[in-house]
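When a ligand or atom number is given, it counts from 1 through the structure's own listing order. Atoms considered below: every heavy atom in the structure, side chains included; atoms not considered: hydrogens, waters and symmetry mates. Positions are given from 1, in the same order as the sequence printed here.
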Amino acid sequence: MTIQWFPGHMAKARRQVTEKLKLIDIVYELVDARIPQSSRNPMIDEIIVNKPRIVLLNKTDKADPRMTEEWLRYYREQGVQALAIDAQAGKGMKQIVSLSKEILHEKFERMKAKGIKKPRAIRAMIVGIPNVGKSTLINRLASKKIAKTGDRPGVTQAQQWIKVGSELELLDTPGILWPKFEDQTVGYKLATTGAIKDTIVNMQDICVYALRFLSRYYPVNLKERYGLEEIPEDIVELFDAIAKKRGCIMSGGMVDYDKTAELVLREIRTDKLGMLTFDDPAELSSEE
Ligand SMILES: Nc1nc2c(ncn2[C@@H]2O[C@H](COP(=O)(O)OP(=O)(O)OP(=O)(O)O)[C@@H](O)[C@H]2O)c(=O)[nH]1
């Protein structure tokens, strides 16, 4: 599956998630901690109705810790339940179970009051855009390898309940939702972090976006990585400076912009420029 959504695909994805909602008590909305807003489905509030939800900021090992704190504060202020996790390393797994129990405590107490002596386990499902770490989280919570994972977007395929201890059951098929494509900046952020396949985006355009962003918000990381004394304001000059430092020069001495873009994006995705976050909760109020 490539990350290319057409109205028909979106309607189908929505229908599938809506169907599964009937089976569960709580939704785990998985987002990428580097782009918590851009990696959300734009219609999530309309799709997940009348179900408690926890926003899980995943891949926190790759995100700017200061910004992750800002995001958690933002969610708290909005009255949204949120946790910072690292599904790959298994960090934050216990909190997911304990917060779910806390949120569903009243519902399960009501079940007990109705005479159900031994209430069933909490039933949960994971939803999120492609490549956000849904399968990795399922495997972590299950503490054994079940779902297929991959470093390419679009690996999740095939429904069963997976036991997470005695108190939680997870649907083995996550709900795949679409990101907000029509917004160009969102597209750039998704591409920068590797959520969109490189074959469907222009690497140079993405890199221009990423370098401008880093120049503004993470200048020290940029200078240190590429040995720059100053960051040229002109984006072509910046490309040239990085290309020269890294030998991305074609025969004849011309700068190889494709190779430079590829190198910079690969280094951003593999954390060579440090822990970076591209969405800022402070910008949300001005966008809305
Ligand atoms: N660094 C880091 N990588 C992670 C984390 N969680 C998942 N990944 C990686 O992200 C990539 C995508 O993970 P998957 O679990 O396949 O993502 P998915 O959401 O199931 O993807 P689809 O099948 O495309 O819907 C894999 O390379 C994982 O190893 C995390 O917390 N930290």
Side-chain angles (χ1 to χ4, degrees), residues 1-5 9-10 12-14 16-17 20 27-36 38-41 44 47 54-65 67-68 71-72 82-96 124-160 162 164 170-181 187 189-201 265-279:
M1 188 189 78
T2 55
I3 184 165
Q4 240 175 338
W5 295 95
H9 290 153
M10 295 190 189
K12 188 175 170 208
R14 183 181 183 155
Q16 281 173 346
V17 169
K20 288 180 197 164
V27 175
Y28 302 145
E29 182 195 351
L30 203 56
V31 297
D32 187 319
R34 295 169 295 173
I35 45 169
S38 304
S39 59
R40 285 192 102 180
N41 175 276
I44 191 89
I47 297 171
I54 306 177
V55 175
L56 300 174
L57 293 148
N58 191 34
K59 307 196 186 184
T60 45
D61 55 309
K62 290 165 117 32
D64 181 341
M67 292 305 290
T68 301
W71 274 103
L72 288 174
L83 293 171
I85 66 163
D86 171 352
Q88 199 168 53
K91 288 187 185 149
M93 302 300 108
K94 286 202 179 99
Q95 284 99 303
I96 297 177
M125 88 164 178
I126 295 167
V127 302
I129 68 166
N131 210 35
V132 74
K134 297 179 295 300
S135 306
T136 307
L137 177 60
I138 291 173
N139 284 327
R140 266 295 161 191
L141 285 171
S143 53
K144 59 181 173 200
K145 193 151 176 59
I146 294 172
K148 259 183 160 181
T149 59
D151 55 4
R152 294 161 294 121
V155 176
T156 311
Q157 271 137 25
Q159 177 162 289
Q160 272 181 346
I162 293 164
V164 183
L170 194 62
L171 263 188
D172 80 332
T173 350
I176 305 175
L177 293 170
W178 61 97
K180 189 175 167 183
F181 266 114
K189 291 179 181 184
L190 288 164
T192 301
T193 54
I196 299 179
K197 282 191 180 175
D198 288 336
T199 46
I200 62 164
V201 283
L265 291 175
R266 188 175 58 241
E267 296 201 341
I268 291 173
R269 292 175 192 163
T270 51
D271 317 330
K272 299 285 190 309
L273 281 107
M275 297 162 92
L276 307 172
T277 298
F278 295 87
D279 278 342

Check D279 with K189, please: is the shortest side-chain N to carboxylate O separation under 4.0 Å? yes
In short, I129 meets K134 closest at the heavy-atom pair O-NZ, 2.7 Å
Indicate yes or no: does an N/O atom of I85 lie under 3.5 Å from an N/O atom of ligand 1? no
Using side-chain contact (heavy atoms from CB on, under 4.5 Å) as the criterion, list what pairs up with E267, not counting sequence neighbours. R225, Y226, R246, L263, K272, L273
Suppose I only count heavy atoms of S135 and a 4.0 Å limit; which atoms of ligand 1 are within that range? 15 (O), 18 (P), 20 (O)
Interfacing atoms of ligand 1 (cut-off 4.0 Å, heavy-atom, P130): 24 (O), 25 (O)
V17 versus M125: any side-chain heavy-atom pair under 4.5 Å? yes
One finds that the ligand 1 atoms under 4.0 Å from a non-hydrogen atom of D86 are 30 (C), 31 (O), 32 (N)
Under 3.5 Å, N or O to N or O, is T60 touching ligand 1 that way? no
Which residue is it: L177, T136, L137? I am looking for the one with a side-chain contact (heavy atoms from CB on, under 4.5 Å) to L30. L137
Taking only heavy atoms of G133, which atoms of ligand 1 are found under 4.0 Å from at least one of them? 7 (C), 13 (O), 14 (P), 15 (O), 17 (O), 18 (P), 19 (O)
Just to verify, what does M275 make a side-chain contact (heavy atoms from CB on, under 4.5 Å) with, not counting sequence neighbours? P65
Would you mind finding which of D61, I138, V127, T136 brings a heavy atom closest to atom 13 (O) of ligand 1? T136
Would you say V132 and ligand 1 have an N/O pair spaced under 3.5 Å apart? yes
Would the distance check show the side chain of R140 and the main-chain N or O of A87 forming a donor-acceptor pair, the cut-off being under 3.5 Å? yes
In terms of atom number and element, which parts of ligand 1 are under 4.0 angstrom from non-hydrogen atoms of K62? 1 (N)
